[in-house]
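So that the names make sense, note that chain A is the first sequence line, chain B the second, and so on, each numbered from 1.
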Number of protein chains: 2
Amino acid sequence: MIRVLLAEDQQMLRGALTSLLAFEPDIEVIAEVADGQKAWELIQQEPPDICLVDIEMPHLSGLELAEKIKQANLPCKVMIVTTFARPGYLQKAMDCEVHGYLLKDEPIDYLIATIRKIMQGEKVVSKDLAASLFMKEQNPLNEREIAVLQLVKKGLTTNEISKQLFLTKGTIRNYLSTSIQKLQVESRQQAAQVAGEKGWL
Amino acid sequence: MIRVLLAEDQQMLRGALTSLLAFEPDIEVIAEVADGQKAWELIQQEPPDICLVDIEMPHLSGLELAEKIKQANLPCKVMIVTTFARPGYLQKAMDCEVHGYLLKDEPIDYLIATIRKIMQGEKVVSKDLAASLFMKEQNPLNEREIAVLQLVKKGLTTNEISKQLFLTKGTIRNYLSTSIQKLQVESRQQAAQVAGEKGWL
DNA sequence: CAAACTTTATGACACCTGTCATCAAGATTT
DNA sequence: AAATCTTGATGACAGGTGTCATAAAGTTTG
């Protein structure tokens, strides 16, 4: 019997999955929760065989949860189930050594099949995404540019950034200028956004 | 027998709902589609009793679809099923005279119960949202400000906007200035965003 | 060692942005 | 008719933004 914990914040999908998984003779949903924090508490008490986790959840994201599970070295597989095909997410998931990464755009049968495959030791990634693991563009930004863009993403102004990094206003603007050109966008906001989506921050 | 058409772009949820609705003896899913355009074509050919439609879908949004159905005066109820509690969406849905507006954060049983209620002529809105229909703030923007913000949302610059509206650069900036103050935000982008979310554009 | 590169800083330039005070023409109210 | 309101325009100001050329200091490479 495969014991599953389901962490997904959207009640309708969560309920539906639970109902449908219940029909599988070899699968048992031992818990379903709506946020990462709750999931983490349950997993520590009594680890399931596999956790299906959404990424965007309140309190603790699916990726953070995966990270914790990895660090605590719990005997529990992790499978990400998300809407988002962002390379950044996929990258982070790989860093956390998750066992599967599935898009919500796959049919349920595939989800179920994937659960079984993972329990047999395989690693599974949604087809469309598999390619992007190889084709991953490498980060054109240098350390300083990354640091600056991280602060831009938080909404800081040129001045605030310059204070935080102990650099001059002008220097910050130079880094932003080069970042903008490297990423082929038109403003610092856009730069921060695309760099974020690609997992470069 | 209640004949249902399901328009939802996320395959996993769509499949799950179809499977679960199939268990209800008085409900039949006659078609399931992944985008609004496809839904519209099918509905014209042979209208179902009720359409469950997501809002954010490719090609034709759920709200646009509702609009078309209303204008064509088809004998077909419309029920919005969405993640988003944005007052703007709800407002537009009401303008399209949809018969139900449900959040994906409701359980499936409620969804099913709602389908039956709607078929009996009731109108249903998710509990959390019902209040916001009464408490709706009124739009503080005037016509011109709205026109300008709509163009900002599309990403146009001050200059482009001024040409489109046959006004001066300066005038545009004045309208933006007042909009920004009325909405208590700090930039044209933010102004366009919050106005959009509230359904004022 | 000298040449070449990297990192950081500076100042100048053109342009955009939000605010404000003011103005003028037209419409509405008193 | 006079006072007031509305709509749009204008110019000025402070500040932000992106670009560029240039420079000093330190590091790496040939």
Return the value, rounded to whole Å, for the distance between atom [atom1] of [X] and atom [atom2] of [N].
X        : N      : atom1 : atom2 : value
B:Leu141 : D:dT7  : CG    : P     : 13 Å
A:Ile161 : D:dG16 : CD1   : P     : 12 Å
A:Asn142 : C:dC5  : CG    : P     : 17 Å
B:Glu145 : D:dT6  : CD    : P     : 13 Å

Expected rows: protein N/O vs nucleotides 24-28 of chain D N/O, under 3.5 Å:
none

Mind checking side-chain contact (heavy atoms from CB on, under 4.5 Å) for [X] and listing every partner two or more places apart, or none if nothing turns up?
X        : result
A:Thr158 : A:Lys169, A:Ile172, A:Arg173, A:Arg188
B:Ser187 : B:Gln189, B:Gln190
A:Ile180 : A:Val185, A:Ala191

Name each donor-acceptor pair under 3.5 Å that joins a side chain in residues 43-55 of chain B to protein atoms two or more places apart or in another chain, with its distance.
| from | atom 1 | to | atom 2 | distance (Å) |
| --- | --- | --- | --- | --- |
| B:Gln44 | OE1 | B:Trp40 | NE1 | 3.4 |
| B:Glu46 | OE2 | B:Arg3 | NH2 | 2.9 |
| B:Asp49 | OD2 | B:Arg3 | N | 2.8 |
| B:Asp54 | OD2 | B:Lys104 | NZ | 3.4 |

Summary of side-chain hydrogen bond (donor to acceptor under 3.5 Å, both in side chains) pairs that have at least one residue in residues 68-84 of chain A, sequence neighbours excluded:
A:Glu67-A:Gln71
With sugar-phosphate taken as primed atoms, P, OP1 and OP2 and all else as base, the protein-contact string of nucleotides 8-23 of chain C at under 4.0 Å (heavy atoms; B, S, -) is SBB-B----BBBB---
Identify all side-chain donor-acceptor contacts of residues 12-20 of chain B below 3.5 Å with residues at least two apart in sequence or on another chain.
| from | atom 1 | to | atom 2 | distance (Å) |
| --- | --- | --- | --- | --- |
| B:Arg14 | NE | B:Glu32 | OE1 | 2.9 |
| B:Arg14 | NH1 | B:Glu8 | O | 3.0 |
| B:Arg14 | NH2 | B:Gln11 | OE1 | 3.1 |
| B:Thr18 | OG1 | B:Arg14 | O | 2.8 |
| B:Thr18 | OG1 | B:Glu32 | OE2 | 3.4 |
| B:Ser19 | OG | B:Gly15 | O | 3.0 |

Between atom OG1 of A:Thr171 and atom CG of A:Leu165, what is the distance when rounded to the nearest 0.5 Å?
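The distance works out to 10.5 Å.
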Ring pair (Phe, Tyr, Trp, His ring centres under 6.0 Å) against B:Phe166, all qualifying residues, sequence neighbours excluded:
none
